[in-house]
There are 4 protein chains.
Amino acid sequence: MARKPLVNPRKMASQERSRATVDALIEATARILVRDGFDKASTNRIAEEAGVSIGSLYQYYPSKEALVAAVIERHNQQTMRVVRGALAELATLPVEQAVRSLVAIAIEAHRIDPRLHRVIAEQIPRVGQLENVETFSRDNYALFRAYLEAHRDELRIVDAELAAFVCVTSIEALTHMAVLHRPDIASDDAVATLVDEATRLIVRYLRE
Amino acid sequence: MARKPLVNPRKMASQERSRATVDALIEATARILVRDGFDKASTNRIAEEAGVSIGSLYQYYPSKEALVAAVIERHNQQTMRVVRGALAELATLPVEQAVRSLVAIAIEAHRIDPRLHRVIAEQIPRVGQLENVETFSRDNYALFRAYLEAHRDELRIVDAELAAFVCVTSIEALTHMAVLHRPDIASDDAVATLVDEATRLIVRYLRE
Amino acid sequence: MARKPLVNPRKMASQERSRATVDALIEATARILVRDGFDKASTNRIAEEAGVSIGSLYQYYPSKEALVAAVIERHNQQTMRVVRGALAELATLPVEQAVRSLVAIAIEAHRIDPRLHRVIAEQIPRVGQLENVETFSRDNYALFRAYLEAHRDELRIVDAELAAFVCVTSIEALTHMAVLHRPDIASDDAVATLVDEATRLIVRYLRE
Amino acid sequence: MARKPLVNPRKMASQERSRATVDALIEATARILVRDGFDKASTNRIAEEAGVSIGSLYQYYPSKEALVAAVIERHNQQTMRVVRGALAELATLPVEQAVRSLVAIAIEAHRIDPRLHRVIAEQIPRVGQLENVETFSRDNYALFRAYLEAHRDELRIVDAELAAFVCVTSIEALTHMAVLHRPDIASDDAVATLVDEATRLIVRYLRE
DNA sequence: GATGAATGAGCCTTCATTCAT
DNA sequence: TATGAATGAAGGCTCATTCAT
């Protein structure tokens, strides 16, 4: 009965048509997830929305979970793509600029596809073993911790682990909440203030 | 007529026997929610876990949602009971103590039933109209905002709304994350440090 | 499993209070039958409507069927009461008047409680073995057949059985349809014409 | 949105296999309707009787009602096929022959599947908005009324509407009752007499 | 007797998944 | 490979009926 969760795509779609099918499926899944929520996202519905037969769906994804995982994966990758560059040059920046930059990146990341991001964060039963969303957070987190250790002399770092936790968690929470639930705070007009405030929060905390 | 969301209990269990049934149902619901997650919490499963017939379940709760709402309700009330006193005396405290107190309360609140708290926070499709969990947050939030405005002269408050958002969101996130995902940070030994750090984060942010 | 249909009341309610309970139950059943239809008439609902506990309901009637049977029974008896007198004096009347009288009686009978009559006729799965409604028809029918035989000389009666079938069936159908489905035809203004026409139909058929 | 009564088939079975499934379903529904009555015709039972999975049933029919509607539809169509020709040439016939013909047709129609006809007539909660069975009756009725008006000069027609009501209702009732409840009257031997009598009833009624 | 809490068979329906074509 | 018909476990829920109090 309890067949172990198959969460990996079945075959790497090498040929062109396959590629299109796979894309259509992921696109359709994301669309339904956003439009109707996780519970309404049945495989049959996804297949239909993708204009693909249910049989073909299972040709590429062995389970509903695999499909959702693929959507998350793709979302994460899109986020990475947006964020990676900015993240890379963080190391070279002075504290205030680094933090400001990090906050800005976080907001940008949440703005990529906020509705999808929200569904992923709130509705998806944790897929497989990993806490999918957090996977991405980890990188972020490790990177920031490294930054702190590299700048130990400028800052009051007692416990870099703990400090990283405090900073990354706060930034993530503030940007997530603002973008997804507080249009007043994250609007184009207001967002600069949000960045200022978040930066102030973190920088003052980190300084001696 | 069309009262879709049946989220209210059906009848107040008055007799002793029925009181026990209702308790068993809520207890069972909470247990399953924690152990298996929202999606696995079917009414049949809940009834079985409660050692009660499915018919009895529906005698008291008109839907799965109502049951979950009851669990949330109960959890919120437990939280309230723990928190209310502490929250009340906040107003009279100087900033540092007030913040420290707030952080401590938040941690305490998250420790009441962390696993249930997590399920409620992460998995429950928003029941009824209100964003159930946040209902509680709101109080917290309004209260804090009032505090800020009352202490305007001691603090650098440009926008009380925004400042409250930053502080409450951060505290909530830090305590939630620490208690639920970072046993190293929220352990009995370590928790004092966490309180220190969170307090520092908020207080420095608020000061001129 | 398939317990044989228990369609008889459980005990003759001899005492006064019991009598009241039984009445309330039948009344409630009839009301629900008319208002909501057979399918919505659950025993719990009936008990509630009657202001009686479900336990008491089963004290007096061993099944839902028994309850419905009792309603039909009561309706039939009411009908009888209205009709018997008129039916009795039929024998002495000349053909035209007898038929006219029969038609009038039939209309009167259908008007006693048309909505209940309709539910009984259309929705009730045939209870027990007997075709409940027709039970009453039989009397009617036998009586009319006797009349025909008694008036053989005035009429063209080849097969009294068949003639009675033709007449009784037609009268029953016309009055039933008119009263229940054709307000235009059975209205107080129009009903005299209906009687005329039905009488004409039957009398001409019977005459040499 | 709110399209409560799902009474239409879900998809037109195009492939051969599905055609067979759909047939099996309708056949099974009719069989159960006849054998056990409407209330016992549950979707699970129907699927089982059809030798089809419950899932397949719902692939083609969205509800029990839709299935029953399909059975009625099919029955009506069979009736139409039998009756249409005869009905068409009615207009050209002289009164006596026309009526005789109509009676004969009615009997023939009731003989197509008498037990099913009975269930449809007596037990089916009116499906959809229309009084399904009567749909067919209406045609019959309108047609007859037209005939009466066309032959006004030969007949005593005061109120064609009323006259049509009297005739059609009587014929329908007589043939229905005879075929379904009076094997003695509708047997192959006896049926000619029934036709004679019914014809006499109607013709005498209509003549000056 | 009356009460109403409890029961559980059974109904309707969805949906992930398989497999013959 | 693609298709879509078929499957059946499982979920939500109702209701006739029983039985301890």
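Just the heavy atoms: all of them, side chains too, but no hydrogens, waters or symmetry mates, feed the values below. Within every chain, numbering begins at 1; the chains are lettered A, B, ... in the order of the sequence lines, protein sequences first and strands thereafter.
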Exercise. Apply side-chain contact (heavy atoms from CB on, under 4.5 Å) to the pair B:I46 and B:V52, showing each step before the final yes or no.
Key: CA-CA 8 Å; B:I46 291 172; B:V52 149; over 6 Å; no

Quiz item: Is any side-chain N or O of C:Y58 closer than 4.0 Å to OP1 or OP2 of F:dT17?
Solution: yes

Self-check item: Nucleotide E:dC15, atom P - distance to CD of A:E49 in whole Å
Solution: 15 Å

Quiz item: Pick the nucleotide of DNA chain F nearest each of D:L57 and B:G55; which residue has the one closer to the 5' end?
Solution: D:L57

Practice problem: Classify the side chain of C:N44 and the base of F:dA16 as holding, or not holding, a donor-acceptor pair under 3.5 Å. | Solution: yes

Quiz item: To the nearest Å, how far apart are D:R45 CZ and E:dA9 P?
Solution: 17 Å

Practice problem: Compare the minimum distances between each of F:dA16, E:dT3, F:dG12 and the side chain of C:S53, then state the nucleotide with the smallest one. | Solution: E:dT3

Exercise. List the steps, then state whether side-chain hydrogen bond (donor to acceptor under 3.5 Å, both in side chains) holds for A:S56 with A:S53.
Key: CA-CA 5 Å; A:S56 293; A:S53 77; 3.1 Å; yes

Quiz item: Rounded to the nearest Å, what distance is computed from the CD atom of residue B:E48 to the P atom of nucleotide F:dG12?
Solution: 13 Å

Quiz item: Does OP1 or OP2 of F:dA16 have a side-chain N or O of C:S63 closer than 4.0 Å?
Solution: no

Self-check item: Spacing of A:R45 atom CZ and A:I32 atom CD1 [to the nearest 0.5 Å]
Solution: 5.0 Å

Quiz item: Quick one: does NZ or CZ of C:K64 land under 6.0 Å from the six-membered ring centre of C:Y58, within 45 degrees of the ring axis?
Solution: no

Quiz prompt | Stem regions touching DNA chain F, defined by at least 3 consecutive Watson-Crick or wobble G-U pairs below 3.5 angstrom | solution = E:2-21 with F:2-21

Quiz item: A:Q59 side chain N/O closer than 4.0 Å to the phosphate oxygens (OP1, OP2) of F:dT1?
Solution: no

Quiz prompt | Nearest to side-chain heavy atoms of D:S42, which nucleotide of E:dC12, E:dA16, F:dA16 | solution = E:dC12

Quiz item: Hey, does A:T21 reach any base, or is it just sugar-phosphate, or nothing, if we go heavy atoms under 4.0 Å?
Solution: nothing

Quiz item: Just wondering, are more than 12 heavy atoms of other shown residues or ligands nearer than 6.0 Å to CZ in A:R115?
Solution: no

Practice problem: Mind calculating the distance between NZ (C:K64) and P (E:dA9) to the nearest angstrom? | Solution: 20 Å

Quiz item: Would you say a side-chain N or O of A:S56 is under 4.0 Å from OP1 or OP2 of F:dT3?
Solution: yes

Self-check item: Rounded distance in Å - CG (B:D39) to P (F:dG12)
Solution: 10 Å

Quiz item: Could you state the CZ-P distance from B:R19 to E:dG4, rounded to the nearest angstrom?
Solution: 18 Å

Quiz item: How close do A:A24 and A:A50 get, heavy atom to heavy atom, and via which atoms?
Solution: O-CB, 3.5 Å

Quiz item: Does the side chain of B:Y60 come under 3.5 Å of the side chain of B:T21 through a donor N or O and an acceptor N or O?
Solution: no

Practice problem: Check whether any side-chain nitrogen or oxygen of C:Y60 sits under 4.0 Å from OP1 or OP2 of E:dA2, and answer yes or no. | Solution: yes

Exercise. Select from D:V52 and B:T43 the residue whose nearest nucleotide in DNA chain F is closer to the 5' end of that strand.
Key: D:V52

Practice problem: Could you walk me through whether A:Y61 and A:V22 pass the side-chain contact (heavy atoms from CB on, under 4.5 Å) test, one step at a time? | Solution: CA-CA 9 Å; A:Y61 293 94; A:V22 164; 3.4 Å; yes

Exercise. Take atom NZ of A:K40 and atom C1' of E:dC15, then tell me their distance rounded to the nearest Å.
Key: 14 Å

Self-check item: Separation of atom OH in D:Y61 from atom C1' in E:dT14, rounded to whole Å
Solution: 19 Å

Quiz item: What's the closest nucleotide to the A:I54 side chain, out of F:dG4, F:dT7, E:dA9?
Solution: F:dG4

